[in-house]
K.L.:
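A single structure is presented below for examination.
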Amino acid sequence: MAQQGRTGEHEVYIEAVLSLVEGVPVGRATTYGVLAGAVGHGGPRQVGRVMAVYGSSVPWWRVVRADGSLPLSHQCEALVHYREEGTPLRGRITDAASLRVDLDAVLWMP
DNA sequence: CGTGTGACACGTA
DNA sequence: TTACGTGCCACAC
C-alpha cells in the first residue's frame, strides 16, 4: 500500500530485528550476535538496544546472550516463559546467576 | 564534540 | 565457572 514513504534505514533495521525474533519457533532461542549477523548490519549491541525499546511486542525471551545467559533484568520473566515452552535450561533454578539456556540444543538460526 | 552507559561478544587468566 | 579488559555501535548529557 502506498504508505511508509520514508524508507528510513533506522526503521528498516528495527523491523528486520523484530521480524527475525518473531520468527523464532516456540521452545527455541537465538542470540543477539546471530540476529545482528542476519540483518547484516550493526552489532549485537544495536540489536539489544532495539529489543530494549521495541522488544515489548516480540518474544524477547527467545533472545539470549552468546553464552546462553539471560537479559540482566528480565531473566525472571523469561524463566516463566521457558517453563511454559519447555525450553531446556542449564544450571540451577535456585541460582539465577548461573542459569542459562541450553543453546547447544535450542539455538535457532535464520 | 567528548564522556559515560548499555536487554553484547570475545580473549585471557 | 567467574572476573577483567577491549572492541563494537548508538544514544543521552
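Below, each value reflects all heavy atoms present in this structure, side chains not excepted, and no hydrogens, waters or symmetry copies.
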K.L.:
In dot-bracket form, 5' to 3', how is DNA chain B paired? Count Watson-Crick and G-U wobble pairs only if both distances fall under 3.5 Å, and write | where the partner sits on another strand.
P.N.:
.|||||.||||||
K.L.:
Would you name the heavy atoms of A:Trp60 and A:Ala78 that are closest together and state the gap between them?
P.N.:
CH2-N, 3.7 Å
K.L.:
Apply side-chain contact (heavy atoms from CB on, under 4.5 Å) to residues A:Val101 and A:Leu70 and explain how you reach the verdict.
P.N.:
CA-CA 8 Å; A:Val101 177; A:Leu70 281 44; 3.7 Å; yes
K.L.:
Specify the separation, in whole Å, of atom CG of A:Leu107 and atom P of B:dA9.
P.N.:
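A:Leu107 atom CG is separated from B:dA9 atom P by 12 Å.
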K.L.:
Contact class for A:Ala52 vs. all strands (heavy atom < 4.0 Å): base, sugar-phosphate, or nothing?
P.N.:
base
K.L.:
Starting at atom CG of A:Leu18, determine the distance to atom C1' of B:dA7, rounded to an integer number of angstrom.
P.N.:
13 Å
K.L.:
Do A:Val58 and A:Met51 come close enough that some side-chain heavy atom pair is under 4.5 Å?
P.N.:
yes
K.L.:
May I have the step-by-step check of side-chain contact (heavy atoms from CB on, under 4.5 Å) for A:Tyr13 and A:Gln46, ending in yes or no?
P.N.:
CA-CA 9 Å; A:Tyr13 184 78; A:Gln46 277 49 280; 3.5 Å; yes
K.L.:
Do A:Val64 and A:Leu103 touch side chain to side chain, with heavy atoms closer than 4.5 Å?
P.N.:
yes
K.L.:
Shared ILVMFWY cluster between A:Tyr54 and A:Val12, side chains joined below 4.5 angstrom?
P.N.:
no
K.L.:
Can you tell me how far P of B:dA9 sits from CE of A:Met51, to the nearest Å?
P.N.:
12 Å
K.L.:
Assigning hydrophobic clusters by single linkage (Ile, Leu, Val, Met, Phe, Trp, Tyr; side-chain heavy-atom cutoff under 4.5 Å), is A:Val50 placed with A:Val53?
P.N.:
yes
K.L.:
Which whole-number value in Å describes the distance from A:Leu70 CG to B:dA9 P?
P.N.:
12 Å
K.L.:
What is the nucleic acid contact for A:Gly33, judged by heavy atoms within less than 4.0 Å: base, sugar-phosphate only, or nothing?
P.N.:
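The answer is sugar-phosphate, as A:Gly33 gets under 4.0 Å only of primed atoms, P, OP1 or OP2.
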K.L.:
Quick one: side chains of residues 18-43 of chain A, donor-acceptor pairs under 3.5 Å with protein atoms, not counting sequence neighbours, listed by atom name and distance.
P.N.:
| unit_1 | atom_1 | unit_2 | atom_2 | d |
| --- | --- | --- | --- | --- |
| A:Thr30 | OG1 | A:Trp108 | O | 3.1 |
| A:Thr31 | OG1 | A:Val34 | N | 3.2 |

K.L.:
Using a 4.0 Å heavy-atom cut-off, write out nucleotides 2-13 of chain C from 5' to 3' as B (base contacted by protein), S (sugar-phosphate only) or - (no contact).
P.N.:
S----BBBSS--
